[in-house]
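For reference, the structure is listed below as structure tokens.
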Amino acid sequence: MPELPEVETIVRDLRPVLKRRKITGVSRLPTKMRRAEPIDWTGSLVGLSWKRVTRRGKWIVNELSADCHLLIHLGMTGQLQVQKMGGNEIDHLHLQIELDNGKCLQFRDVRRFGAVRFLTAEQALATYFDEEGLGPEPFQVDPAYWFKRLNSSQRNLKALLLDQGIVAGVGNIYADEALFRARLAPVLRGCDLKPAQAESLRLAVEEVLQDAISKRGSTIRDYIGGSGLKGGFQNNLRVYGRTGDPCVRCSMPVAKIDLAGRSTHFCPRCQVGNGRQPLGSKEGR
DNA sequence: ACAGGATCCTGGGGGC
DNA sequence: TGCCCCCAGGATCCTG
């Protein structure tokens, strides 16, 4: 389930491989993808070449010539790799872009929760994400903005972290991990946050994402990097997927609840809820 | 405004 | 062995 660190890893892997490559053909079209745009993919893409590969939130941004952009969202099971042409047949291949060096960029997505968008020069990228309501990058969050966005909401912290309009790129794994690092209970409401707690959460989000990037992300199930390598951060997760294991700080068993429609892992003892106590913890006020 | 559920989608795993 | 059911969760939509 790729979140920001996994997407960043893929972007870094693909960047040198796609640099200046020209598109010579499109041999698999994303027609089975959900929300697939009914455009002429071959006519739009063939002849264009890569300028840069970047990332915005969980989106992979391919900057192409003629000011066009190919945006790819991996959803939950998306994989993006460059392979040699004529390899083994691959299941769930939804986009195959042939390159001028005998290789191809393959977008595979078993569950089709991902998305592919093509933007022409007229559909400027500069305004696209703003219009989509995507929030700031986690490493560029203004502390005043952060406190205001959180503190003006009655929603719980888990839901706020998952909201891509507040901060882009955080998913279920790193939301739980950031809350653990900040010692804040996921059920705590934004409006209950004190400024210092909001700030420690902001820093925890930055820190956990940075740590995960340095380990090439977490491979829980399907994720592989752009070079086919698995991530290494799954071994550093402190609460996600560790239900019942002793908390690394206080040895209380890690709890799992359903929150904001997602499985949510936390330590009931050392993640404080400012009075909002989920499972009989004695912490907080 | 917010919570919660349903939806999309498939493969893996547990239980029987 | 085989079958059924549940689970995973990114984003979006709908309802209460």
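Note: hydrogens, waters and symmetry copies are ignored here, and every other heavy atom, side chains too, is used. Since the model is a prediction, treat every value here as computed from it, not as a measurement. Numbers restart at 1 for each chain; the letters A, B, ... are given by sequence-line order, proteins then strands.
For A:Q123, the side-chain hydrogen bond (donor to acceptor under 3.5 Å, both in side chains) partners are A:T120, not counting sequence neighbours. Legend: residues meeting side-chain hydrogen bond (donor to acceptor under 3.5 Å, both in side chains) with A:R15, ordered by chain and number and at least two apart, are absent.
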Atom pairs and distances, donor-acceptor, side-chain atoms in residues 62-70 of chain A, under 3.5 Å, two or more places apart:
residue : atom : partner : partner atom : Å
A:N62   : OD1  : A:W50   : NE1          : 2.8
A:N62   : ND2  : A:L70   : O            : 3.1
A:E63   : OE2  : A:R52   : NE           : 3.4
A:E63   : OE2  : A:R52   : NH2          : 3.0
A:S65   : OG   : A:S49   : N            : 2.9

Compile the donor-acceptor pairs under 3.5 Å between side chains in residues 238-255 of chain A and protein atoms, sequence neighbours left out, one pair per line.
residue : atom : partner : partner atom : Å
A:R242  : NE   : A:R238  : O            : 3.2
A:R249  : NH1  : A:F180  : O            : 2.9
A:R249  : NH2  : A:F180  : O            : 2.9

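The separation between A:R108 atom CZ and B:dC9 atom C1' is 14 Å, rounded to whole Å. Computed from coordinates, the A:R149 CZ to B:dA1 P distance equals 12 Å when rounded to whole Å.
The stretch residues 160-173 of chain A touches DNA chain C through A:Q164, A:G171, A:N172, each having a heavy atom under 4.0 angstrom from the strand.
Using a 4.0 Å cut-off, no side-chain N or O of A:N156 falls inside it from OP1 or OP2 of B:dC2. Taking 4.0 angstrom as the limit, A:H92 places none of its side-chain polar atoms (N or O) nearer than this to OP1 or OP2 of B:dC9. Between A:S153 and B:dC2 there is a side-chain polar atom (N or O) within less than 4.0 angstrom of OP1 or OP2.
A donor and an acceptor atom never sit less than 3.5 Å apart when one is taken from the side chain of A:R112 and the other from the base of B:dC9.
You can see that DNA chain C meets the heavy atoms of chain A within a 4.0 Å-exclusive cut from C:dA8 to C:dA11, reading 5' to 3'.
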